[in-house]
2 protein chains.
Amino acid sequence: MSYSRRTTINCENNPESDCAIEASLSILGGKWKLKIYKALRSGKPLRFTEIKTLLEPISDKSLTAQLREMEEDNLLTREVYPVIPPKVEYGLTTLGNSLEGIFIALEQWGKTYIDQR
Amino acid sequence: MSYSRRTTINCENNPESDCAIEASLSILGGKWKLKIYKALRSGKPLRFTEIKTLLEPISDKSLTAQLREMEEDNLLTREVYPVIPPKVEYGLTTLGNSLEGIFIALEQWGKTYIDQR
DNA sequence: TCAGCAACTTACCATAAGGTAAGTTATTGT
DNA sequence: ACAATAACTTACCTTATGGTAAGTTGCTGA
């Protein structure tokens, strides 16, 4: 998708309710976001490397970037354990869990689309 | 979003159901796709210029590109009236109409997200 | 004769997202 | 002494998407 990320979503010049949709897409539009959601959807927090293994072939750089953005957007929590080597666990927030509806809708429609060919 | 368009969606290397989601996103990921859907959602077919006015400030180039892709993806119909100056009407197909679920899910979640700040 | 119209097409350019590959940190096990 | 480890960061590059501005078509009304 090409919904660029924004720092502040401005609904001012959006008299209609496009804004809500734009918000959703700007937040979920990253190439790996929904896959990260999927990895964490079970409820169990995962470590950086565990997520990375699940999403392969994602790069370290991309994974950190996407995780940071999702954290900023309050979709997931990041817990740092002060040990060496480092240990960091990521889990879904309440807002993160509320993505389920979108996930299901996209999955269902995708199946419909694929079937129709 | 950064779900690049594909000619054939390959589910072969996708043992999980990610494929359906990827299909959805690759098809809806265009910057204007969901706005075009929204414009046509009432059921009434619209002309190129009418859509353009509704979506402003979209460029001619982008609008044609997005419409063409949606047509290829069987989301909308394109009816050409052989008159001069040209008249072309776009409307939703059955598959196009089935996007409603995604539309609603994105809209609802976006509202939730915006409220939580 | 010629500007105006709708629906394009074309050439060119700007931006952003993401990839690759390497480096960083501080401790622990060999 | 030193390689290994997890979770990054950095510099650099490629690609895709979309924007701008101009041109095209063929008839019609002034």
Side-chain angles (χ1 to χ4, degrees), chain A residues 1-7 9 18 22 25-36 39-40 45-73 76-91, chain B residues 1-9 13 18 22 25-36 39-40 45-73 76-91:
Chain A
M1 295 200 191
S2 310
Y3 283 84
S4 57
R5 286 188 60 75
R6 80 289 76 116
T7 27
I9 294 173
D18 291 357
E22 229 144 284
L25 290 177
S26 77
I27 281 167
L28 300 176
K31 182 172 176 183
W32 304 96
K33 297 268 171 78
L34 277 163
K35 290 185 176 172
I36 292 172
L40 297 175
L46 296 178
R47 300 181 63 173
F48 185 89
T49 315
E50 294 176 309
I51 301 177
K52 197 189 165 185
T53 304
L54 288 172
L55 302 206
E56 224 128 33
I58 194 177
S59 66
D60 281 12
K61 180 195 162 190
S62 295
L63 183 52
T64 357
Q66 306 270 305
L67 288 171
R68 286 288 188 289
E69 288 177 4
M70 292 177 77
E71 196 195 347
E72 267 175 45
D73 290 333
L76 45 83
T77 56
R78 175 168 182 270
E79 182 156 14
V80 181
Y81 296 83
V83 295
I84 287 189
K87 174 176 176 181
V88 180
E89 278 189 348
Y90 297 89
Chain B
M1 298 202 189
S2 309
Y3 284 83
S4 58
R5 286 189 60 77
R6 80 289 78 116
T7 26
T8 52
I9 293 173
N13 48 10
D18 291 358
E22 229 143 285
L25 291 177
S26 78
I27 281 167
L28 300 175
K31 182 171 175 184
W32 304 98
K33 298 266 171 79
L34 277 163
K35 289 186 177 172
I36 292 172
L40 297 176
L46 296 179
R47 301 183 62 172
F48 185 90
T49 316
E50 294 176 308
I51 302 178
K52 196 188 166 184
T53 305
L54 288 173
L55 302 205
E56 224 125 36
I58 195 177
S59 66
D60 281 12
K61 180 196 162 189
S62 295
L63 183 52
T64 359
Q66 307 271 304
L67 288 171
R68 285 288 188 288
E69 288 178 3
M70 291 177 77
E71 196 194 349
E72 266 176 45
D73 289 334
L76 45 82
T77 56
R78 175 167 182 272
E79 183 155 12
V80 181
Y81 297 82
V83 297
I84 290 194
K87 174 176 176 179
V88 180
E89 279 188 347
Y90 296 89

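In what follows, every heavy atom counts, from backbone to side chain, and hydrogens, waters and symmetry copies are set aside. Below, chain A is the first sequence line, B the second, and so on; all start at residue 1.
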d([atom1], [X]; [atom2], [N]) in whole Å:
| X | N | atom1 | atom2 | answer |
| --- | --- | --- | --- | --- |
| A:Ile36 | C:dG18 | CD1 | P | 10 Å |
| B:Glu79 | C:dC8 | CD | P | 13 Å |
| A:Asp60 | C:dA21 | CG | P | 13 Å |
| B:Lys87 | C:dC8 | NZ | P | 14 Å |
| A:Lys61 | C:dT20 | NZ | C1' | 9 Å |
| B:Leu63 | D:dT20 | CG | C1' | 16 Å |
| A:Leu25 | C:dA16 | CG | P | 18 Å |
| B:Ile58 | D:dG18 | CD1 | C1' | 10 Å |

With heavy atoms under 4.0 Å as the rule, sort [X] into base, sugar-phosphate or nothing.
| X | result |
| --- | --- |
| B:Tyr81 | nothing |
| A:Thr49 | sugar-phosphate |
| A:Glu69 | nothing |
| A:Glu89 | nothing |

Taking the side chain of [X] as its heavy atoms from C-beta onward, which of [options] lies nearest to it?
| X | options | result |
| --- | --- | --- |
| B:Arg78 | C:dG18, C:dA7, C:dC12 | C:dA7 |
| A:Ser62 | C:dG18, C:dA7, D:dG19 | C:dG18 |
| A:Thr64 | D:dG19, D:dC8, C:dG19 | D:dC8 |
| A:Pro85 | D:dT5, C:dC5, C:dT20 | D:dT5 |
| A:Ile84 | C:dG19, D:dC8, C:dA26 | C:dA26 |

For a quick test of reading the model: is some side-chain N or O of [X] closer than 4.0 Å to OP1 or OP2 of [N]?
| X | N | answer |
| --- | --- | --- |
| A:Ser59 | C:dG19 | yes |
| A:Tyr90 | D:dC8 | yes |
| A:Lys31 | C:dG19 | yes |
| A:Arg47 | D:dC8 | no |
| B:Tyr3 | C:dG18 | no |
| A:Arg5 | C:dA17 | no |
| B:Gln66 | D:dG18 | yes |

Would you say that [X] contacts [Y] through its side chain, given a criterion of any heavy-atom pair below 4.5 Å between the two side chains?
| X | Y | value |
| --- | --- | --- |
| B:Lys35 | A:Asp18 | yes |
| B:Leu55 | B:Lys31 | no |
| B:Thr64 | B:Phe48 | yes |

Please report the interatomic distance CG(A:Leu40) to CD(A:Glu50), rounded to the nearest 0.5 Å.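 A:Leu40 CG to A:Glu50 CD: 10.0 Å, rounded to 0.5 Å.
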Distance-only side-chain donor-acceptor flag, B:Glu22 / B:Tyr3, under 3.5 Å: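 Result is no, nothing qualifies.
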Under the 3.5 angstrom rule, does the side chain of B:Glu89 hit a backbone N or O of B:Pro45 as a donor-acceptor pair?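 Not confirmed, B:Glu89 side chain does not pair with B:Pro45 backbone.
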